[in-house]
Structure formats: C-alpha cells, structure tokens
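Step one of this worksheet: look at the structure below.
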Number of protein chains: 2
Amino acid sequence: MVRHRGARENRREEILLAALDVFAQRGYTGASIASIAERVGLSQQGVLHYFPSKDRLLAEVLRLRDERNLDVLVLPGEGGAITLETVAGLVEYNAQRRGIVQSFTVLSAESVIEDHPARNFFKERYGTSRAWMAEVIRAELGDELPAGLTPEQAAPLMFAVMDGLQLQWLLAPDEIDMPGLFRAFLSLLKGAPRPS
Amino acid sequence: MVRHRGARENRREEILLAALDVFAQRGYTGASIASIAERVGLSQQGVLHYFPSKDRLLAEVLRLRDERNLDVLVLPGEGGAITLETVAGLVEYNAQRRGIVQSFTVLSAESVIEDHPARNFFKERYGTSRAWMAEVIRAELGDELPAGLTPEQAAPLMFAVMDGLQLQWLLAPDEIDMPGLFRAFLSLLKGAPRPS
DNA sequence: GTCTATAAAAAGATAGAC
DNA sequence: GTCTATCTTTTTATAGAC
C-alpha cells in the first residue's frame, strides 16, 4: 500500500463515491467520465489513471455499494443474524439515502439491457439474495406462510416490493411512505390478525 | 389525414414501434435516432422529419405503449370492468412480451433521473394508476384486507410487485415464474385460507 | 500521479436539394 | 417525404510530457 502525503490518501475511493453519485443522477450510459472527474477536481484522464475504463469503474462502484449495504444489514443484527426487522431497517435507512437508492434503481434496470456491463452482477446478486432471504423467512416464519406461500415464493416477492416501492418513492416521495408500505407487506407475510 | 400509396400508409407508427424496440434494447439515453431509422429503412433525418426531436419521439412512444396496455386491460373485462383477474391476465400477457416489458422497465427507471423527459409521464401514470387500482381492490375485496391493510396501501404494493418481478424476471426468466408469483401475492391480499 | 494533446467515433439537430 | 451535407458537441480512450 503506497502512502501519499496531504489530504488525498485515497483518491480511488473518492472517485468511486463521485461515480456512484453521477451514475445516480444520469445513469451509467448517460454519465461521462469527465463529469465524475470534475467532482473530485481531476481531469478525465486523471480518473482513467485509476480505472482503465468506464466499465471497470462501474464494476468497482457496484462492489462498493454492496459492501455498504451489507454493513447496514449485518451490523444491527445480533450476532450477525439477519432478521425481517433488520430488512425493514434497511428500507428505513434507504428512505434517507435518496442518491444511493436512485443509483441502484437506475443501474439495476439499465442492466437488463443485453451486453450491459452490470448485467451479470445484478443477475447473480438477485440469485444469491433470494436464496438467503428465503432462509431468513423460513427461520422466522417457518415453512408455511399465509395463503400457502413458501419462503421460496416470498423471497422474490420481498425484493420485488423493495425495488418497486423504491421506483414509486423516487418519483413521488411525498405520496409514498416506503418504509410503512414495506412493513405493511411484511405484516401480510406474517399473517398478523386484523386489529378488529 | 393524408393518404400515401404503397405499403407505407403509416410511417409514423412504424417508427414508433421501432423506437419502442430500440429503447428496450438500449434505454433512452443509449439509443440513437440513427439506429431507430435503420430499422425502418430511413436515414436519421428521415425520422426527424416525423418527430422534431428525440424527446418528442419518446413522448409519443410512451403514449402508444399506454394505449396498448389499456387494450389488454380493458378488452377482456366484462362490460369494461377491470378486476384482479384482469390484472393477473395482464401479467401473463407481459410474460410473453419480453421486449415491451424491458422497454417499460428501463424507461421507467431511467425516468427518475432529474430532468428526464419521461419523468412527468411516469409520475402521473403511477399516481392515477394507484388511484384506480385502489378502487379495483376495494370493489373486489372490500375495505378491510388481511393484516389490516387498506386498499390505498395495497395499490402501490401491487404495482411494486409487478415492477419488481419484471426486473428479476428479465434478468433470470428461467428462475422467476412471474405470473405465478404475482398470483401468489394476490392470494396473500385475498387472505385465502391455506389448503391444508 | 496528473496533466495536455490528440485521436477517432458518434451524437442531435439544422439547412436545403430533389 | 426523404435525402446529402454539415455544424457543433460530446464521448471514450491513447500517447506522452512533466
């Protein structure tokens, strides 16, 4: 690890954060390396010194964002165990990080395009996420959910609700109570009795 | 209405369909007018003759796609009434129109970007959609849903599930049974008893 | 490590010929 | 109605100076 003098100990991370921001505001296709460079006071070529291409920059941005989310997901859990409450907490956290949510929403949807550099990342990410979410659900609610659902069915629905709510919330933050609606969905899964 | 001779009675619609296709494959930002033009055997300027700008082209594409969906939604309903079964039918229909779904997924997510030309379209679209969906739910399931949910809460969840499942399905069609999972969510809403 | 210079391609849009 | 020509801007990326 090479050390540099001055305030700029880690330009790389600085660039990654700026890139996440710009991708959020313009999407991957719409973002230019130059605009990212501007944020950190570099020239376009200065950025390309750290990341050989735009594709690679995106790849590393996604890895960073995943690490951060993992932090939020795992840290509050007791003993590292993820619960449905932890997940609800993540949604609450997201409701206060519009930029992060927006970057994720735009990039994941963009990734369905053929040959998109992030396509594989998101495909695998959803695959593994569904797997551990099914286990979280099973551990907490058992094998039999309301209406005969299985944890394996509930898991993709969970992420669908999260993603879909994010989209509506980004478009109309005042109309959509994202955490509240997510918790409403959770209570549907838990089969809680009506308060009547 | 001017009439032209030959097979090309309506170039405009031809272009709109091609544009929908290209937007699906590359997103709005990533799509070029030239690539759309190529599909219909025109030059870039040939397309610009019918639509003054890329923004306007997008606007008309979205209007077209909405009309089509409305067809699917309303036609099968008896007497024009939309039911939850009609909505499930729409999801089934979508599962066989990957291109359409992809264009919607990419464009709607892109639209959350500031100053995106489709932003207002989607914001209003979701707003009105949630309103009529809440009424559809109320008409069919009444005012009290499982776990104390209201139709006004269920409506955004419904669209969230639809959109979120589309994303996962586009990335992994073999892993995600989109219509089946949507029906599973519906049964959750209906509070159907477990088949045990 | 960061810059200037530069290449090479592609984009949206306008003007005007036919 | 469709084209060629052209303008202007922007893009990613390379080469090489300091």
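Naming convention: chains lettered A, B, ... in sequence-line order (proteins, then strands); numbering from 1 in each chain. Quick caveat, the model's predicted, so the values are computed rather than measured.
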Rounded to whole Å, please give me the gap between [atom1] in [X] and [atom2] in [N].
{"X": "Glu38(B)", "N": "dA10(C)", "atom1": "CD", "atom2": "P", "value": "12 Å"}
{"X": "Ile36(A)", "N": "dT10(D)", "atom1": "CD1", "atom2": "P", "value": "16 Å"}
{"X": "Leu57(B)", "N": "dA13(C)", "atom1": "CG", "atom2": "C1'", "value": "14 Å"}
{"X": "Phe51(B)", "N": "dT14(C)", "atom1": "CZ", "atom2": "P", "value": "16 Å"}
{"X": "His49(A)", "N": "dT2(C)", "atom1": "NE2", "atom2": "C1'", "value": "8 Å"}
{"X": "Asn10(A)", "N": "dG1(C)", "atom1": "CG", "atom2": "P", "value": "11 Å"}

What do you reckon, is CD of Glu92(B) surrounded by more than 12 foreign heavy atoms closer than 6.0 Å?
yes
Residues passing the salt bridge (Lys or Arg N to Asp or Glu O under 4.0 Å) test with Arg130(A), sequence neighbours excluded, are Glu175(B)
Ring pair (Phe, Tyr, Trp, His ring centres under 6.0 Å) filter on Phe185(B), not counting sequence neighbours, yields none
Taking every heavy atom of Leu181(A) against every heavy atom of Pro156(B), the minimum-distance pair comes out as CD1-CG, 3.8 Å
From the list Arg97(B), Arg26(B), Arg65(B), Arg39(B), salt bridge (Lys or Arg N to Asp or Glu O under 4.0 Å) partner of Asp21(B) resolves to Arg39(B)
Whether each nucleotide of nucleotides 11-18 of chain D has a protein heavy atom under 4.0 Å at its base (B), only at its sugar-phosphate (S) or at neither (-) is summarised, 5' to 3', as SBBB----
Taking only side-chain nitrogens and oxygens of Ser43(A), does any of them come within less than 4.0 Å of OP1 or OP2 of dC3(C)?
yes
Next item on the list: Give a yes or no answer on whether the side chain of Gln153(A) reaches the backbone of Thr150(A) with a donor-acceptor pair at less than 3.5 Å.
Entry: yes
